[in-house]
Structures are given as C-alpha cells and as structure tokens.
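Below you'll find the structure, written out as structure tokens, and then a few comments.
Order of listing sets the numbers, starting from 1, for every ligand and every atom in it. What you see is a predicted model; the values in this text were computed from it and never measured.
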Amino acid sequence: MVVTVTHRVISPGMFIGVEDADVVSFGSGQPDLAPPFDVGEVFLNFSRFKYGKVGGEDELKAKLRGYVKREFGHCVDEDCIMVTNGASEALDLVLRKVSLDPGRRRVLLTKPYYYSYPHLARINHMTPMYTDANIDLEDVKEKSGNCDVMIVNSPANPTGNVIEKSVLRGIQEITEDNGCILISDEVYHSLTYESKHYSPKGENVVTVNSFSKTYSLCGYRIGYVFCQNPGFMKDICEIKAHTSMNTNLLSQRVAMECLCVPKRHVLKNREIFQRRRDYIYRRVKELGFEVEKPEGAFYVLPKVGDSMSMARDLFFEHRVTVYPGERLGASGHVRLSFALPQDKIDEGMGRIDEYVAKL
Ligand SMILES: Cc1ncc(COP(=O)(O)O)c(C=O)c1O
C-alpha cells in the first residue's frame, strides 16, 4: 500500500502495516525474516471453519506446556495456559480482569515503555504510574505498594535493556509482598545478545508471550499467557469468550508447526539481529549521538534532542521512518528498529547521515 500524507503530522499508528517502496522504515517492530517453514503447506491441508475452544486448541496448549518448561523453566498445567490474539490481547485480558476487581486502578510501568502500555491501562480505566527502566528496587517497593499491577518487559522495547535475573527476582518478591500482580511481557525472549533470558516466577506472576517476534508471525496474531492460578485463567477465558472468542485456528496450527522446528532456526535469527545490532549501534555512535548498546530485542534509542522534528524531517524530507521517543516515555530520543534487511539499514543510515550533515 502506498501512503499519502498531506499533513506534516506523525504518529506511531500511522506506520503500522504501511509499506512504501521509497521509504526506509526503522519504525516497524516486526521481523523482516521469514517464518521457520513454508506456511503455505499448512493452508493446503487445513479445513476447519467452526469456532474453536476459547482458551486455545488442546494440541497447541499441550505443546506450549512442554515449551514453557523447556525454555523458561515454568511448570504449568494446561488449564493455566491460554492462547490469544498476540501478546496484545493477553495484556488487555489481564488488565481487564484486574480492572473488574474493586479498587484495582493503578499500573506501574517502567519508563521508557512499549507505547501501548499506558493506553491499555487507560482503556481499562486504570492509571499508569512510572518507575525508571534502570530499575531502582527501592522505588519499585514504594510505588508498587500503591499499585495493583506492575508490567516488566525484558528484553525491552524501546531500550533493548535486559533486566538482570537478580533484579527481576527482587521485583517479583517486592510485588508479591505488596499484593501486586506482576505481568512479565517476554515477547523478545529469544533476542538476548549478552546474557541469557530470565523469566520471573511466582504466585503473582502472569507471563505474556507471542509468536510474533520469535517466529516472525506478527500478522498471524498469535500469542499466549500463563500463570500459576487456574481461577485467574478461568476468569480471563470468560472475558475472551465474550470479546474475541477463539484465536484464529489457522494461526494456531501454524504456531504448532513452529514449536516443532529445531531451535537452531531461532538461534540463527538471533545471530542475524546481533550482527545488525552491532552495525547500527556503531553507525549511530559515529553520527555523534549518545546511545546505549542494546542487550536484546531489535531497537536502538539514541538521544537526539528535538526528536519530534527529527522524526518529521526524516520522514518528509528523507523518506526515513523513526519513532519519536515522546510516544514511548523517552522524550529527546528516537527509536530505530533494526528489523529490516542489512541493505535497507545501510541505505537508511546513509540518509540519516545526510540529514545530520545538513543540520
Ligand atoms: C513489548 C511488546 N509487547 C507486546 C507487543 C505486541 O505483540 P503481539 O504482536 O504478540 O501482539 C509488542 C509489539 O511490538 C511489544 O513490543
């Protein structure tokens, strides 16, 4: 689709699903790499058209049960796992469930944050509160005492931070003591470049995950959520029954196939992203911007000053998309995704070079 923009106004939503041949997009948070097998094969043999089970297909849930044990060390029964329309629906369902309980009205977020978190909180009549993404456990202790939910996201969008295991454990203990639900959003779990991913565990932890990034299936809208509490899962399943109902059956079939593919596919993709990370980090530094080396996910977040005008000028004058940090709790920064082919990264960095040279 070709996008024609008549006003010089930009917003993150404006770029979702949009492709334009002359634009280099560092905006998109979706892998350019192919899924791990020929998805078309699944279509040919698929002929189920009726509603499926709201919580997900038994076969997929059984597979996921083994997967979350192997990958993250979580032991959960199948009635504690639910398949969702991406991590997005899982996050929304959990917040909806919490917001239905009396008095449950505050969500603690790390800042900068994934741009949908504050919106999801508000849509569910909850107030977002913030603690710094460079976690200070004392601050978490104080603030989570006044919150009903905290969301952690490691590896993180948009910083690329990976929260240390000891810190995640600290957060888990503090939130448990404070009677606060800890949502752990782990959609970038397969993309850590320096250390191993750690998935928080405990009675109060609800884990949200997805096939979008790990298996390049963003458009198939397939994710999952699990926790230790079957009652909690039953409640969110009830909400899903009255909202989206079952998750797309074809997507669930594709997800099943993904879990059968040897792990080396995921590791190979991680290597590709790591090479791109090294490259883009070097180029951004050479431009003279202050930037932290991302330890995971596929974003860099340089400090650039007036990020709104930079994003606007790059888009309208150089046909390059970057996200202004204002929308991500990171004013003065722009987010560049490196989920695009190396030649496009090269081309885009060249255009940003030209923009900087003109300043
Ligand atoms: C941190 C984070 N959580 C959740 C999502 C949504 O993932 P999904 O495609 O599974 O809905 C994204 C997508 O970019 C994300 O960056």
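In terms of protein heavy atoms, atom 7 (O) of ligand 1 is closest to Ala87 CB, 3.9 Å. Looking at atom 6 (C) of ligand 1, its nearest protein heavy atom turns out to be Ser88 OG, 3.4 Å. Nearest to atom 13 (C) of ligand 1 among the protein's heavy atoms is Lys213 NZ, 2.9 Å. The protein non-hydrogen atom at the shortest distance from atom 3 (N) of ligand 1 is Asp185 OD2, 2.6 Å. Of all protein heavy atoms, the one closest to atom 9 (O) of ligand 1 is Ser212 OG, 2.7 Å.
If you number the atoms of ligand 1 from 1 as listed, the ones under 4.0 Å from a heavy atom of Asn153 come out as 1 (C). Taking every heavy atom of Gly86 and a limit of under 4.0 angstrom, the matching atoms of ligand 1 come to 10 (O), 11 (O). The atoms of ligand 1 that sit less than 4.0 Å from any heavy atom of Ser210 are 8 (P), 10 (O). Residue Arg221 has at least one heavy-atom neighbour below 4.0 Å for each of these atoms of ligand 1: 8 (P), 9 (O), 11 (O).
Electrostatic pairing of Glu59 and Arg253 counts as a salt bridge here, judged by a charged N lying under 4.0 Å from a carboxylate O.
The side chain to side chain contact (heavy atoms under 4.5 Å, CB included) test with Arg96 singles out one residue from Thr243, Ile236, Ile123, and that residue is Thr243.
The cationic atom of Arg70 (NZ for Lys, CZ for Arg) does not lie both less than 6.0 Å from the six-membered ring centre of Tyr67 and within 45° of the ring axis.
Using 4.0 Å as the threshold, Glu89 has no heavy atom nearer than that to any atom of ligand 1. Residue-ligand proximity: Tyr188 is placed with a non-hydrogen atom under 4.0 Å from ligand 1.
Using a 4.5 Å heavy-atom cutoff, the side chains of Asp177 and Lys141 are not in contact.
Within the 4.0 Å heavy-atom criterion, neither part of Gln30 lies near ligand 1.
Closest of all the heavy-atom pairs between Gln172 and Asn204 is NE2-OD1, 3.0 Å.
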With a cut-off of 3.5 Å and sequence neighbours excluded, list every side-chain donor-acceptor pair involving residues 214-221.
{"unit_1": "Thr214", "atom_1": "OG1", "unit_2": "His189", "atom_2": "NE2", "d": "3.3"}
{"unit_1": "Thr214", "atom_1": "OG1", "unit_2": "Ser190", "atom_2": "OG", "d": "3.3"}
{"unit_1": "Ser216", "atom_1": "OG", "unit_2": "Leu33", "atom_2": "O", "d": "3.0"}
{"unit_1": "Arg221", "atom_1": "NH1", "unit_2": "Cys218", "atom_2": "O", "d": "3.0"}
{"unit_1": "Arg221", "atom_1": "NH2", "unit_2": "Ser88", "atom_2": "OG", "d": "3.4"}

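You'll find the ring centres of Tyr188 and Tyr299 inside the 6.0 Å limit. Tyr130 has its ring centre less than 6.0 Å from the ring centre of Tyr113.
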